[in-house]
Each structure stands twice: as C-alpha cells, then as structure tokens.
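Letters A, B, ... mirror the listed sequences (proteins, then strands); counts begin at 1. Note that the structure is a prediction, hence the values are computed from the model and not measured.
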Amino acid sequence: MKPPRSAYPWHWRVLDVLERVVETAWPRRFTKGLPHAMLVPVVLLVAILIAGLVEMLDSSFRVLDTNTFLMSDFYTLDNYRRALTENFFQSVATRSFIASFIVTAITLVVAVPYAYLMVRTQSPALRKFLLVALFFPFFIGEVVRAYGWLIILGNQGLVNEFLGLFGLSSVRLLYNYSAVIFGLVQYMLPFAVLMIAPALTAIPEELEAAANSLGANWIRTFRHVVLPLARPGLVAGGLVVMTLSLTNFAIPAMLGGGSQDFMSNVIYDQFFRTSDQGLGSALSILLVIAGSILVGIIFRLFGTGSLAIKGARK
Amino acid sequence: MTLSSVDREPADADPTIAVSVRNVGMRYGDFDAVKDASFDLPKGKFLTILGPSGSGKTTLLRLIAGFGEPTTGEIFINGEPVNAVPAHRRAIGMVFQRLALFPHMTAAQNIAFPLKMRRRDARTIADQVERYLDLVKLGGYGGRRIDALSGGQQQRVAIARALVFEPDLLLLDEPLAALDVKLREEMQLEFRRIQKELGVTTINVTHDQREALVVSDEVIVMNDGVIQQKAQPILAYRKPENAFVANFIGVTNFVHGIVTGVDGGVVAFRSGGKDLRGIAGGSAPQLAEGAQCSAAIRAEQIRIVTGGETPDRFEIVVEGVIADTIFEGERIVYEITVPQLAEASLRVFDHDPAAHTQFQPGARIQLGWNSKDMHVF
Amino acid sequence: MSDEKFLSIPLRRRSVLGSIAAAGATVALSPLGAARAFAQEPEKPAEIIVRAWGGSWVDSLKAGVSDSFTELTGIAIRHDLTEDNEIQPKIWAAVAQNRMPPIHVNWDTTTNATKSALRGVTEDLSDLPNLKDTTDLAKPVGLDGYPIVNTYGYVYVLAYRPSAFPDGPPTSWKDLLDPKLKGRIALYNDGIGFHFPAQVAGGGTLEDIPGNMQPAWDFIAKVKQQQPLLGEDPDFTTWFQKGEIDAACTISTNVREAKKNGIELDWVVPEEGAKFDTDGLWIPKGLPENELYWAKQYINHALTKQAQQVWLDGLGLPGVVPGLTPPEDLVNDPAYPTTEEDFKHLIRISSKVQVENESVWFSKFKEIMQG
C-alpha cells in the first residue's frame, strides 16, 4: 500500500533511492573499512610529500657538473660539507633562527592581549572589529602586505613624510633586519591570535574573578591564572609562528633589501638562480631537520603543559 | 571616616555591623537588576539572600564582592565605603557557583593562592594551608590535583581557599546548587559548622529555601531586583511580608476572595460562598472592604478532619474532594479541590499516614484550620 | 645578469609566480593547423608559445617580432611570462622525461641559455638562413654551433641621479665609495654586472678571471661599507622613483625606461669599463617536427632587419644585424655600442666561464653583502 504523500514526503523517497544506490556501490559489509577509506586522501598527500623528500634526499647527494649542467651520477657529501662549513650559509642559518625566535617572542607578546580583548570584551562591536581586523590581512596576502610596508616605510613613505612635517630628515626604515622582523611580526600576528583565542575562551571567566577576589590584581591574575591555563594555545601559536618565520621567503626578500636573506631565499637561489639542485636540496633537507629538532625541543620543554607548571609554582 | 552626604552615612558607623548596603541599585541598559536595596548585617552572622533566578541576588552579591560598581547607592564594609575599592583589595573570601578552583594547581596550591597574593612568607603559607586543610577535613589531600578530588572535596578546597586569608566577609554564590541532595545537605551543615567555628560574617546566595532556613541567622528574600523581606528564618516563614514571600518559602496554599471587613489585624473575606477570616499579612497591610485579596495558608496548617482530629478544634471546616495523592515517604501530600471555596485547590500534608488508610482520588474529606494561620494580602 | 626584467609592472616576480606558471603550464595546441601555404611547408601549429619578460620587454617583442610573424604566417603567438629562471627547470624536466616542453621559443639571457645548451636541451639553430646577415655578436662564445642565437647586447652601466652629482657625472666605479652616497646606492642582489668592473676597480686584471678575483672581492667589501640596497630589475626603477637611491649598477634599458617615466636620471660607462652581455632566443628539444620548423621560422624572423629595428627601438639596445638606426636618444651613447671603439670600454667574458663560476661568484658576493 502506498503511504499518503504527507506522511512520506518526496525527499524521503529520493533519500531511499540514494541509500539503495549507496548500498549497491558500497555494500554494508564494506562499512567497517569506511574509516580506513577516508584516510586515503591523507595517506596520498603524505606519500607525495615523502616522495618529494626522497627525491630531494637523492639530489642532495649529487653535485652539479657545470660542464654539462647535469647532476653527478655518483653520491657525495660535498653539498652537505659546503652547507655546513661555508660562512655564508652559516650566517644565513643563524639569522633565520634568531629572527624566528625574536619574531615568536614579539608576536606572542602582542597577540595575547589582542586575543584576550577579543575573547573577553563585553562590546559586540569591538569584538567584531577585532575579528575583521584579524581576518582582513588573510584576504590581502603576504606579498601585497609587504608592498604596503614598502609604501608606508619608504624614504618618501607616509612615516617619513610625517617626520618631515617636524623638520626631521627622512630615515631609512626599510631594507634592514628590523624591517624584516617588523614585517614578519605583522604577518604572523593573525596566526598567533587565532591559535591563542580558543585557549583563552576555554578559561572560565569565573577563574579570573576568583583570582581577583583572592587578592590578585589583573597583572598577577594574568600571570598566575590566565597565562598558565592558556599555555597550550601559546605553545601551539608559538610553534606556528616560529616555523613559518623560520621558513619565510617573501618578507626577507622584499623588506630585507637583499642583505637579509633567510634559508628559503638561499634555497631558492640554488634551485632557480644557479641551477644547483643538489646544493638546494641539501640545504632544504638541513632546514627540515633543523626545524624538526627545534619543534621537538619545544615539545619537550613546553608540550606536557601541567607537569612543568607544577615545578614552576612551588 | 569622612562622608559628604548624610544619607550615605552607614548605620551610624556601628562597630558591630560588618556589611551595610545603602540604597544600592544596579542598572544594565534599561534593566534594573537591583533596585534600591538596603540592609545591615551584623558581624559574625550568616545571611542568606534567597530568591528565584533573575531576582538580582547574585548581582547584589557580586557588587558586595567588588565585581562592578553599583549604579546608585553605597556599600560599606566595616564602616568603610568600598564602592571605589577594587575586588582584589577588599578582604572578601568568595566561593563561586562553579567553585572556580584553579585546575593547574593542587589543592594546597589553590589554598595558598590568596596568601601568596598577599606576599606572606613561605613558612606562614605552609602552616596556614595545613591548618585550613584540617579545618575542612582534607588533611593529607593537599598534594592532589583538583580533578583528582570528588565534588564534595572540591567544595571543601573552595571553602578553605576563601577563608585561609581570614577575610572580613565570606560570600557564597550558590556553590551547592550543582550537588546532589544528600551531599548538598551535608555541605550545608558543614558550611554552618565552619562559619560558627570561625565566626566569619557570611552572605550566602541561594534559590533553595530549605538551605536558607537551615543555615541562616538572617534571610533576605529578593524578587525582581527588590528586597521583599529581611528577617530571621523562622519569622520569614511564620510572618511573610507579602504573597511572594509566603509563596516562595514553604508549601503555601492561596485562597482568593473579596474583603468584607477589616477589624484591626483581622480581615474578613468571602471566597466562593464561604465567609473566612485571617490576619492581615505584612507590616503595612493595605486592605479595604471590597478589595480583592489572597489568603495564604501553609499546607501543614490545614488538617484532615478524621482519625484523631475533631471538627471543633478548628475555626473553619470545609469539604473537599481528593484530586491527587503524592507519596513522599515520610509524608503524603494530597491535592484537594474545595468546591465551597470557588474550586480552590489546596495542598495538605498527612504526617501520620500510618494512622489511617490512604485516601484515594475522588474520596470526600473534611479539612479544618484556624484563622490565625491564614495571612491575608 | 639579473634574471628578471619586469620593468613597468610594480610587482616582484615572486608574487606572480603562481599565476604565471599556471598560465604557461597548459599548452593547448590544435592538431589541425591553419591552411598550408605551400605544399612543402610542414603543417602550421595554431600557435607558438614564446617565453618573454613582461612589461615593456614583451611589448617591444610583440611590436617588433611577434605581430609581424603572425601577419606573415597566420600563426598566433602566445607570450608566456614565466620567469626565465623558473621555466628553466621545467624545460629540463620535460626533456629528461621525453615530454613536450612547455614553450616553443625561450627568450633568455645568454648565460642562462648557455646552461641549457651545456645540458643539451637546446636545438641547433645553425641552419637559420638569416644568420648569414648577422654580426659576430649573434654567435654564442665558447659553444659549438648555434644552440642559442644572440639577438642584442646590453651594458650594465653606472646609473646616477644628476642632482646627487653636482660636480659632474661620476667617472669611476670608485665614486660609489663617496661617503655622501652611503645607503644611497644599489646593486643586483647576486652582484651580476658588478663582479668584472669591481675586479678592475680593485686593481686586478680581467685576465685573472676566474683564477684570482680577490681584487673584486676587496672592492666589493668596500662597497658593502656603503650599505648598498640589493635588488632586481624592477627594484631599481622603484628605488630611483621613490628617492631611495642616487646611483646603481644596472642595465641601461631599466634606466632608460625610468627616464621615460619622467625620473631625472643619466648613466655613464666608467673608466674601468662596464660589463657587456647578450640575450638570445633558443628552442628546447622535444617539439614535434612541424612545430620545431615554425619555431625556427620565428627566430629567423627575429633576425630580420625590420623586426630587429622595431624590437630594439623599444628596448634601446644594439642588435645583431648591421645597419640598424639607433634611437635618437642613444646615438653615440656608450651603452649603445656600435663601433670597435665603443666595445673597447666594455668588458665581455665568455658565457662558458660565467656559467662555470657564477655559483661561486654569487655566493661570495652574497656572503660579503649579508648582514
């Protein structure tokens, strides 16, 4: 018997048909395998990544023959020797690492109050403003933003024109280490805020009120309650900022005036300027290894949150 | 103490008054959370602010704690005006609704927190924490993480933390609300014991009338941001200031009618076809002949006229029909419809279920009470 | 040689990599060519893809070579603006894997093209009929045959802002060491164009290249004290325009372009000389027979006098066909060498030496310049 239309609407029928199709295409006994099947795209992506790394590892042991511009048939450690011993690579690596530490520190210091205000403000208008200000840069992109700084900080830029109003001669604000740090901090800030905000949201406001009523002013409340509890967000945000800074390309290239290269810039030059895939690969592999070690150390130091706090409080 | 205006004078700076709330109002936009609240709380007393959710009781408590400044009025603690004093500089211990224990610290570290904030030396902190752990019967649990403690133990940590720095005032923001009945009753008595032991002035906020009556020296009943009555528990129960208080505390029946005469404290009124009497409720009764009135009578003041009871013990006897029977263990509650009183529905306890058989719905019975137990509003 | 030649596009090439690469990667060629003009001619492809630098560079190529080629043959020309150094690995990979290369003709620096030639991915162009009418400049130095055809030369001049040199134009690269130019000079970020004059300015000789370049490094170390800005072609124009710099070692074409845009600029070939180099056209291996034929026809056409005249008027550079009329503003200009005498002031080092050593030179230059 046909059920009446109202009791069995047409879209239920459509779903019935779909279910039957699915049943045929993917019989129920396969269902157990479904979670595994859903992993396939991830496995593929990782596999491609690994394949690329293996390829790079292979090239990293071959040197460029400048008579034929082919990679050598034999394996050698020469690229690694160059990468680890030549002053140029050392100074660039040192710069990249120190910069990534500085950028991480500054970014977190700026991001925490921003995220806190965004999470805690009573004013929906302010929250909206902070959110828009946070996401807006994502629509603009790194390179265009760096260009923005060229316009603002240039010798004839807004800042120097403003200084000119007070009779001050223009100052070279661009093309140095501080400009790169500044550009990176500005670029990383939204990432850090996005990572920290959920951690702050997870802290009940009542905890802060409690600390307050127990005699802690806002600074001590922040130090003893908010920061320790926001730690997972701080660690995650710090890691993202640090790794992205360490491997950044565009900001040092554009705001560094050519004299503030990071690892990525040097690697780019090897691949695309001197066509030396081998040295480029060796540098890439070293960057991956150094970055992984850094992340590992941070996990060791800060990863297990509460254990470390125990030690810190007594 | 220097005070500019007379109406901000706190209870003549009476040294026995711990907290004095003067004409305090709190406004959020168009909404008055608290309206013109005033009361004095003597030192060492346990006050409960009782009211339904949204009555403004928590807002009032938070103003006393220092989370926000009242829109109008002034709060005095130990005679000092504190409106401008931030929460962390008021010596007030507070136990929060969800306890607000610091999850990243141990029980002992939680209790040590207010002492640390007051920069006490390590020795004092250790001793004091130990003492308060013992006080709340948690000796030996200091090293436990908060999430390794039971709900009751967490309550005890919260109390110890709020008291360890010997505050002038202890505030309890419905900390027992989430507990199951057994544990709640146990903790109520525990609060009372600790409060008595330390003699700390305490303000408790709750919507649980039983808790208010059990633990308090004084009860304030709030509704719609307004203090309805402030009295000792027994007086609030026996002499409710208005219909709201009468209804909110205890199991109360209301009979509606028209006033037929007022003679001093006694009010005569007619409900359905029946003439009844009661005493005028509240401190300033405003009842005139011909006015609508509600008469409140507690469920336990109405007796079922059978067994040991005789009709002549009661000034008023009516006939009723059992509508429903609710078995509560130590007592049975009957819902009884009284046709004589305009079909009023009355709830009546039978405290001696063993004395006679349980009435079944539909059974006709006689009910009796005395006019002095009826409060007319 | 700098790898980038965006002139008027105010974007660094790295920002536009993605989109350009995507545009250049897909090559859709119709299997059915246009109607055959002659029976003996191979089938015409629907289009020929020519890699080019953007801005005024591609505009000049289009006006001088591509448009007239299309007019003659009916074959459309598509310009692929993938950067030269980024098309290179793609072509190399395509040849290594026996795939169709992504482009038909590559407009490239002779140095870069030499790398491809050494790697063996270039087609030999010796049979182009118009080669017989070209000067020596068209022939790549140090390579067998014509794996590349050079199409014009250019000079890495000392460009300067006249107002910053009130006592007259600079005469030597050493003038860059003037303290008042501190932070006001610019070089290519790999030092290209500057290594050789620096060798002379540092007291060395060109014969010592590449054996002993210490004089060059010493001089470059002194220049480093002047805190130069390091960049690529588009940067120089921007920097001059924004008043960031007063002097630079750059290709005359960039300066001329900036001048046309109304920036007060001039250039000299200093007494130590200036680097002269060439650009060329080449064809990657792996094209179908007929497409190879028409790609060769394109290069052959680029060597005609008419095509050279229009193309190089746009670039302001000397071509490889005798009898071209220099643009009015460049008559007797040291950066537009035409006579034996002109070339005496210019430094020309073989591409072979350059490609073999540039990795070392670049690293050394960067090492000095870092920090």
Would you check if the side chain of His88(B) reaches a backbone N or O of Thr221(A) as a donor-acceptor pair within less than 3.5 Å?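 Side chain of His88(B) to backbone of Thr221(A): no pair is present.
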What part of [X] gets closer than 4.5 Å to chain A, counting heavy atoms only: side chain, backbone, both or neither?
X         : answer
Arg161(B) : both
Leu171(B) : neither
Arg98(B)  : both

Taking only heavy atoms into account, what residues of residues 210-219 of chain A are found under 4.5 Å from chain B?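 The stretch touches chain B at Ala210(A), Ala211(A), Asn212(A), Ser213(A), Leu214(A), Gly215(A), Ala216(A), Asn217(A).
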Other residues, nucleotides and ligands only: do more than 12 of their heavy atoms fall within 6.0 Å of [atom1] on [X]?
X         : atom1 : value
Tyr141(B) : OH    : no
Phe138(A) : CZ    : yes
Arg89(B)  : CZ    : no
Arg118(B) : CZ    : yes
Asp224(B) : CG    : no

Roughly how far, to the nearest 0.5 Å, is the CG atom of Leu101(B) from the CD atom of Glu206(A)?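 The CD atom of Glu206(A) sits 10.0 Å away from the CG atom of Leu101(B).
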Can you measure from CZ (Arg220(A)) to NZ (Lys116(B)) and round to the nearest 0.5 angstrom?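 Here the rounded value is 8.0 Å.
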Is there side-chain contact between Arg231(A) and His104(B), with heavy atoms separated by less than 4.5 Å?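 A side-chain contact under 4.5 Å is absent here.
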Test item: Phe113(B) and Val225(A) side chains (from C-beta on) under 4.5 Å apart, heavy atoms: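 When only atoms from C-beta onward are counted, Val225(A) and Phe113(B) do touch, with a gap below 4.5 Å.
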